[in-house]
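By convention in this document, chain letters (A, B, ...) are assigned in the order of the sequence lines, proteins followed by strands, and residues within each chain are numbered from 1.
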Amino acid sequence: QQQVKQSPQSLIVQKGGIPIINCAYENTAFDYFPWYQQFPGKGPALLIAIRPDVSEKKEGRFTISFNKSAKQFSLHIMDSQPGDSATYFCAASRGGTYKYIFGTGTRLKVLA
Amino acid sequence: DAGVIQSPRHEVTEMGQEVTLRCKPISGHNSLFWYRQTMMRGLELLIYFNNNVPIDDSGMPEDRFSAKMPNASFSTLKIQPSEPRDSAVYFCASSLGVKGFFGPGTRLTVL
(Lines give C-alpha, C1' and ligand atoms only; values in the text may rest on other atoms or scores of the structure.)
Protein backbone atom coordinates (compact mmCIF):
# COMPACT_ATOMS: atom_id res chain seq x y z
CA GLN A 1 0.00 0.00 0.00
CA GLN A 2 3.02 2.23 0.33
CA GLN A 3 4.10 1.71 -3.26
CA VAL A 4 3.92 4.15 -6.12
CA LYS A 5 3.87 2.37 -9.46
CA GLN A 6 5.38 4.23 -12.41
CA SER A 7 5.28 3.50 -16.12
CA PRO A 8 6.74 3.27 -18.65
CA GLN A 9 10.27 2.36 -17.62
CA SER A 10 11.68 4.14 -20.66
CA LEU A 11 10.36 6.40 -23.36
CA ILE A 12 11.71 7.76 -26.62
CA VAL A 13 9.99 10.64 -28.42
CA GLN A 14 10.82 12.99 -31.22
CA LYS A 15 11.50 16.64 -30.53
CA GLY A 16 8.20 18.46 -30.18
CA GLY A 17 6.37 15.34 -29.06
CA ILE A 18 4.40 15.05 -25.82
CA PRO A 19 5.77 12.29 -23.60
CA ILE A 20 3.39 11.10 -20.91
CA ILE A 21 4.53 9.34 -17.75
CA ASN A 22 2.02 7.66 -15.49
CA CYS A 23 1.95 6.86 -11.80
CA ALA A 24 -0.53 5.04 -9.59
CA TYR A 25 -0.81 4.78 -5.84
CA GLU A 26 -2.87 2.84 -3.31
CA ASN A 27 -2.64 4.78 -0.08
CA THR A 28 -5.43 7.36 -0.01
CA ALA A 29 -3.64 9.15 2.83
CA PHE A 30 -1.09 10.49 0.34
CA ASP A 31 -1.74 14.18 -0.19
CA TYR A 32 1.26 15.58 -2.02
CA PHE A 33 2.51 14.33 -5.38
CA PRO A 34 5.74 15.79 -6.76
CA TRP A 35 7.66 14.99 -9.89
CA TYR A 36 11.43 15.04 -9.89
CA GLN A 37 13.83 15.31 -12.82
CA GLN A 38 17.27 13.75 -12.60
CA PHE A 39 20.15 14.20 -15.01
CA PRO A 40 23.05 11.72 -15.00
CA GLY A 41 25.42 12.34 -12.12
CA LYS A 42 23.08 14.81 -10.44
CA GLY A 43 20.59 14.69 -7.62
CA PRO A 44 16.86 14.70 -8.34
CA ALA A 45 15.42 18.21 -8.74
CA LEU A 46 11.84 19.16 -7.98
CA LEU A 47 10.00 19.86 -11.21
CA ILE A 48 6.35 20.30 -10.36
CA ALA A 49 3.95 19.07 -7.70
CA ILE A 50 0.23 18.76 -7.11
CA ARG A 51 -2.19 18.21 -4.26
CA PRO A 52 -5.32 16.07 -4.70
CA ASP A 53 -7.72 18.99 -4.47
CA VAL A 54 -6.96 20.00 -8.06
CA SER A 55 -7.12 17.93 -11.24
CA GLU A 56 -4.42 19.69 -13.22
CA LYS A 57 -1.42 21.92 -12.71
CA LYS A 58 0.75 23.56 -15.32
CA GLU A 59 4.19 25.07 -14.97
CA GLY A 60 5.73 26.08 -18.26
CA ARG A 61 5.82 23.06 -20.55
CA PHE A 62 5.15 20.63 -17.71
CA THR A 63 1.63 19.57 -16.73
CA ILE A 64 0.43 17.20 -14.04
CA SER A 65 -2.96 15.58 -14.48
CA PHE A 66 -4.48 14.08 -11.34
CA ASN A 67 -7.35 11.60 -11.10
CA LYS A 68 -8.23 11.19 -7.45
CA SER A 69 -10.91 8.53 -7.94
CA ALA A 70 -8.56 6.36 -9.99
CA LYS A 71 -5.60 7.14 -7.71
CA GLN A 72 -3.48 8.02 -10.71
CA PHE A 73 -1.46 11.00 -11.82
CA SER A 74 0.61 11.72 -14.85
CA LEU A 75 3.25 14.09 -16.17
CA HIS A 76 2.96 15.58 -19.64
CA ILE A 77 5.83 17.44 -21.26
CA MET A 78 4.64 19.76 -24.01
CA ASP A 79 6.88 20.53 -26.99
CA SER A 80 9.58 18.25 -25.63
CA GLN A 81 13.20 19.17 -26.29
CA PRO A 82 16.45 17.17 -26.31
CA GLY A 83 17.38 18.99 -23.09
CA ASP A 84 14.43 17.29 -21.40
CA SER A 85 16.20 13.95 -21.77
CA ALA A 86 16.52 12.75 -18.18
CA THR A 87 15.04 10.31 -15.71
CA TYR A 88 11.73 11.36 -14.19
CA PHE A 89 10.45 10.16 -10.85
CA CYS A 90 7.00 10.54 -9.44
CA ALA A 91 6.57 10.49 -5.69
CA ALA A 92 3.93 10.69 -3.01
CA SER A 93 3.94 11.76 0.58
CA ARG A 94 1.52 11.75 3.48
CA GLY A 95 0.49 14.92 5.22
CA GLY A 96 2.91 16.20 7.81
CA THR A 97 5.56 13.56 7.29
CA TYR A 98 7.29 14.92 4.18
CA LYS A 99 8.56 11.40 3.51
CA TYR A 100 8.52 10.68 -0.18
CA ILE A 101 7.73 7.28 -1.63
CA PHE A 102 9.28 7.32 -5.08
CA GLY A 103 8.24 5.54 -8.24
CA THR A 104 10.83 3.47 -10.07
CA GLY A 105 11.64 6.17 -12.60
CA THR A 106 11.18 6.71 -16.34
CA ARG A 107 14.16 7.27 -18.56
CA LEU A 108 13.12 9.76 -21.24
CA LYS A 109 15.07 10.39 -24.41
CA VAL A 110 14.00 13.18 -26.75
CA LEU A 111 15.48 12.85 -30.21
CA ALA A 112 16.64 15.95 -32.03
CA ASP B 1 21.98 29.62 -1.23
CA ALA B 2 24.48 26.88 -2.08
CA GLY B 3 21.87 24.15 -1.88
CA VAL B 4 22.38 20.87 -0.07
CA ILE B 5 26.07 20.06 0.21
CA GLN B 6 27.34 16.51 0.38
CA SER B 7 30.84 15.15 0.84
CA PRO B 8 32.66 13.29 -0.40
CA ARG B 9 31.24 13.15 -3.92
CA HIS B 10 32.91 9.82 -4.58
CA GLU B 11 34.14 7.22 -2.12
CA VAL B 12 35.89 3.96 -2.91
CA THR B 13 36.62 1.68 -0.01
CA GLU B 14 37.30 -1.93 0.76
CA MET B 15 34.87 -4.31 2.36
CA GLY B 16 34.97 -4.09 6.12
CA GLN B 17 36.04 -0.46 6.27
CA GLU B 18 34.04 2.28 7.95
CA VAL B 19 32.48 4.86 5.66
CA THR B 20 31.12 8.25 6.74
CA LEU B 21 29.03 10.38 4.42
CA ARG B 22 28.38 14.01 5.28
CA CYS B 23 25.58 16.43 4.56
CA LYS B 24 24.95 20.12 5.10
CA PRO B 25 21.28 20.94 4.55
CA ILE B 26 19.93 24.21 3.21
CA SER B 27 19.96 26.84 5.93
CA GLY B 28 16.57 27.17 7.60
CA HIS B 29 15.29 23.78 6.53
CA ASN B 30 14.03 21.69 9.43
CA SER B 31 13.75 18.27 7.82
CA LEU B 32 16.59 16.13 6.53
CA PHE B 33 16.44 12.86 4.64
CA TRP B 34 18.98 10.26 3.59
CA TYR B 35 18.13 8.29 0.45
CA ARG B 36 19.94 5.49 -1.34
CA GLN B 37 19.69 4.99 -5.10
CA THR B 38 20.50 1.78 -6.93
CA MET B 39 19.47 0.41 -10.29
CA MET B 40 17.72 -2.52 -8.66
CA ARG B 41 15.82 -0.74 -5.89
CA GLY B 42 15.52 2.83 -7.14
CA LEU B 43 15.34 5.63 -4.58
CA GLU B 44 14.89 4.34 -1.05
CA LEU B 45 14.39 6.49 2.03
CA LEU B 46 16.80 5.40 4.74
CA ILE B 47 16.09 7.85 7.55
CA TYR B 48 14.26 11.09 8.18
CA PHE B 49 15.09 13.78 10.75
CA ASN B 50 12.86 16.62 11.85
CA ASN B 51 14.37 19.40 13.93
CA ASN B 52 17.51 17.25 14.35
CA VAL B 53 15.53 14.36 15.84
CA PRO B 54 15.32 11.01 14.01
CA ILE B 55 11.64 10.48 13.25
CA ASP B 56 11.67 7.41 11.07
CA ASP B 57 14.59 5.08 10.54
CA SER B 58 12.57 2.14 9.27
CA GLY B 59 14.41 2.28 5.97
CA MET B 60 17.85 1.76 7.47
CA PRO B 61 18.81 -1.66 6.11
CA GLU B 62 20.58 -3.06 9.15
CA ASP B 63 22.59 -2.22 12.22
CA ARG B 64 25.66 -1.52 10.15
CA PHE B 65 24.03 1.74 9.16
CA SER B 66 23.70 4.67 11.53
CA ALA B 67 22.87 8.34 11.08
CA LYS B 68 23.26 11.36 13.29
CA MET B 69 22.26 14.98 13.15
CA PRO B 70 24.10 16.78 15.95
CA ASN B 71 22.84 20.21 14.86
CA ALA B 72 20.65 21.86 12.27
CA SER B 73 23.47 22.29 9.78
CA PHE B 74 25.14 18.89 9.72
CA SER B 75 24.30 15.22 9.39
CA THR B 76 26.30 12.05 8.89
CA LEU B 77 25.48 8.60 7.59
CA LYS B 78 27.91 5.93 8.72
CA ILE B 79 28.32 2.39 7.47
CA GLN B 80 30.43 0.09 9.61
CA PRO B 81 31.52 -2.39 8.40
CA SER B 82 30.86 -1.70 4.73
CA GLU B 83 29.95 -4.47 2.29
CA PRO B 84 29.96 -4.59 -1.54
CA ARG B 85 26.15 -4.59 -1.57
CA ASP B 86 26.24 -1.13 0.01
CA SER B 87 27.58 0.27 -3.26
CA ALA B 88 25.10 2.92 -4.37
CA VAL B 89 24.58 6.64 -4.67
CA TYR B 90 23.57 8.16 -1.36
CA PHE B 91 21.57 11.36 -1.44
CA CYS B 92 20.84 13.80 1.32
CA ALA B 93 17.77 16.01 0.96
CA SER B 94 16.36 18.80 3.09
CA SER B 95 13.04 20.57 3.24
CA LEU B 96 11.02 23.23 4.96
CA GLY B 97 7.53 22.02 4.28
CA VAL B 98 6.81 19.52 1.56
CA LYS B 99 9.31 20.60 -1.10
CA GLY B 100 12.40 18.45 -0.86
CA PHE B 101 15.75 19.60 -2.25
CA PHE B 102 18.37 17.00 -3.00
CA GLY B 103 22.12 17.23 -2.80
CA PRO B 104 24.39 16.02 -5.61
CA GLY B 105 24.91 12.65 -3.94
CA THR B 106 27.86 10.54 -2.86
CA ARG B 107 28.75 7.63 -5.12
CA LEU B 108 29.98 4.85 -2.85
CA THR B 109 31.85 1.86 -4.20
CA VAL B 110 32.74 -0.93 -1.80
CA LEU B 111 35.26 -3.37 -3.25
Trainee: Measure distances from B:Gln37 to the heavy atoms of chain A and classify the residue's part below 4.5 Å as side chain, backbone, both or neither.
Mentor: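 The side chain, not the backbone.
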Trainee: Tell me the residues of residues 43-65 of chain A whose non-hydrogen atoms fall below 4.5 Å from those of chain B, in number order.
Mentor: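 Interface residues of residues 43-65 of chain A: A:Gly43, A:Pro44, A:Leu46, A:Arg51.
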Trainee: Any chance CE of A:Met78 has more than 12 other-residue heavy atoms, nucleotides or ligands included, within less than 6.0 Å?
Mentor: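 Atom CE in A:Met78 is packed in, count exceeds 12.
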Trainee: Once rounded to the nearest 0.5 Å, what's the spacing between atom CD of A:Gln38 and atom CZ of B:Phe91?
Mentor: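 Reported to 0.5 Å precision, the distance equals 4.5 Å.
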Trainee: Take a 6.0 Å sphere around CD of B:Glu14 and say whether it holds more than 12 heavy atoms from other residues, nucleotides or ligands.
Mentor: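 Count not over threshold, so no.
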Trainee: Please report the shortest heavy-atom distance between A:Tyr36 and B:Lys99, naming the atom on each side.
Mentor: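 Result for this residue pair: OH-C, 4.5 Å.
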Trainee: Using a 3.5 Å distance criterion without hydrogens, assess whether the side chain of A:Tyr100 forms a donor-acceptor pair with backbone atoms of B:Leu45.
Mentor: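 Not a single qualifying donor-acceptor pair exists.
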Trainee: Starting from A:Ile18, can I reach A:Val110 by hopping between I/L/V/M/F/W/Y residues whose side chains sit under 4.5 Å apart?
Mentor: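 The answer is no; the residues belong to distinct hydrophobic clusters.
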Trainee: Does atom CG of B:Asn71 have more than 12 heavy-atom neighbours from other groups under 6.0 Å away?
Mentor: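 For B:Asn71, atom CG is crowded (more than 12 foreign heavy atoms under 6.0 Å).
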Trainee: Are there residues of residues 5-15 of chain A whose heavy atoms fall under 4.5 Å of chain B's heavy atoms? If so, which?
Mentor: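 Heavy-atom contacts from residues 5-15 of chain A to chain B are absent.
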Trainee: Looking at residues at least two apart in the chain, or sitting in another chain, which of them share a side chain to side chain contact (heavy atoms under 4.5 Å, CB included) with A:Ala112?
Mentor: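 With neighbours one apart ignored, the set is A:Pro82.
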Trainee: Tell me, side chain or backbone of B:Arg9 under 4.5 Å from chain A's heavy atoms, or both, or neither?
Mentor: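 Answer is side chain: those atoms of B:Arg9 sit under 4.5 Å from chain A.
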Trainee: Please determine whether residues A:Phe66 and A:Ile101 belong to a single hydrophobic cluster, defined as Ile, Leu, Val, Met, Phe, Trp and Tyr linked transitively by side-chain heavy-atom distances below 4.5 Å.
Mentor: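 Cluster IDs for A:Phe66 and A:Ile101 match.
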Trainee: Count I, L, V, M, F, W, Y as connected when their side-chain heavy atoms are under 4.5 Å apart, and connections chain through other members. Are B:Met60 and B:Leu32 then in the same cluster?
Mentor: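 Same cluster.
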Trainee: Once you round to the nearest 0.5 Å, how far does CZ of A:Phe89 lie from CG of B:Leu43?
Mentor: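 Those atoms lie 5.0 Å apart.
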Trainee: What residues of residues 102-111 of chain B sit under 4.5 Å from chain A when you count only heavy atoms?
Mentor: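 Heavy-atom contacts from residues 102-111 of chain B to chain A are B:Phe102, B:Gly103, B:Pro104.
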Trainee: Could you tell me how the ring of A:Phe102 sits relative to the ring of B:Tyr35: parallel (under 30°), tilted (30 to 60°) or perpendicular (over 60°)?
Mentor: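 Perpendicular, since the angle between the ring planes exceeds 60°.
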Trainee: Could you see if B:Leu77 belongs to whatever hydrophobic cluster contains B:Val19? Use Ile, Leu, Val, Met, Phe, Trp, Tyr and a side-chain cutoff under 4.5 Å.
Mentor: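 They do share one cluster, since a chain of ILVMFWY contacts under 4.5 Å joins B:Leu77 to B:Val19.
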Trainee: Does B:Ile55 share a hydrophobic cluster with B:Phe33, counting links as ILVMFWY side-chain heavy atoms below 4.5 Å and allowing steps through other members?
Mentor: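 As far as the 4.5 Å side-chain criterion goes, B:Phe33 and B:Ile55 are connected within one cluster.
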